[in-house]
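What follows is a single structure, written as structure tokens, with notes after it.
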Amino acid sequence: MIWKRIRKSSQEEEEKFQKELREAGVSFREKLVMTLTAYVVLVLPCLLLLIGLSAFMLWIMGLL
């Protein structure tokens with residue numbers, strides 16, 4: 001259902017994006033930092049929430 005709504009980028013859009021990245025002077029290190037930051041921002045809160053909910057359920061059931 002949602003997969004039908006996702007628009008695929010065309011070859012021209014990909015080339016334009018790559019050209020803009022080269023013009024902006026984004027280095028490999030900066031790309032790596034941006035990617036790692038995105039993972040930390042998304043994954044870390046999710047893991048903390050799951051751990052918290054798991055601990056809460058163990059406490060409710062008297063196992064903790």
Let me confirm one number: the OG1-CG distance from Thr37 to Leu42, rounded to the nearest 0.5 Å.
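Result: 10.5 Å between the selected atoms.
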
Reported CZ-to-CG distance for the pair Arg29 and Leu32, which is rounded to 0.5 angstrom
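Rounded to the nearest 0.5 Å, the CZ-CG separation comes to 9.0 Å.
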
For Glu13, is there an ion pair with Lys8 - N to carboxylate O distance below 4.0 angstrom?
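Between Glu13 and Lys8 there is no salt bridge, as every charged N stays at least 4.0 Å from the carboxylate O atoms.
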
Crowded around Met34 CE? As in, over 12 foreign heavy atoms under 6.0 Å?
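Check passes, neighbour count above 12.
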
Can you name the residues that form a side-chain contact (heavy atoms from CB on, under 4.5 Å) with Glu15, not counting sequence neighbours?
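Here the qualifying residues are Gln11.
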
Given the rule that I, L, V, M, F, W and Y join up when any side-chain heavy atoms are under 4.5 Å apart, are [X] and [Y] in one cluster?
X	Y	result
Val40	Leu48	yes
Phe17	Val26	yes
Leu47	Tyr39	yes

In a check of side-chain contact (heavy atoms from CB on, under 4.5 Å) between Lys16 and each of Glu14, Gln18, Glu20, which one passes?
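Answer after filtering Glu14, Gln18, Glu20: Glu20.
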
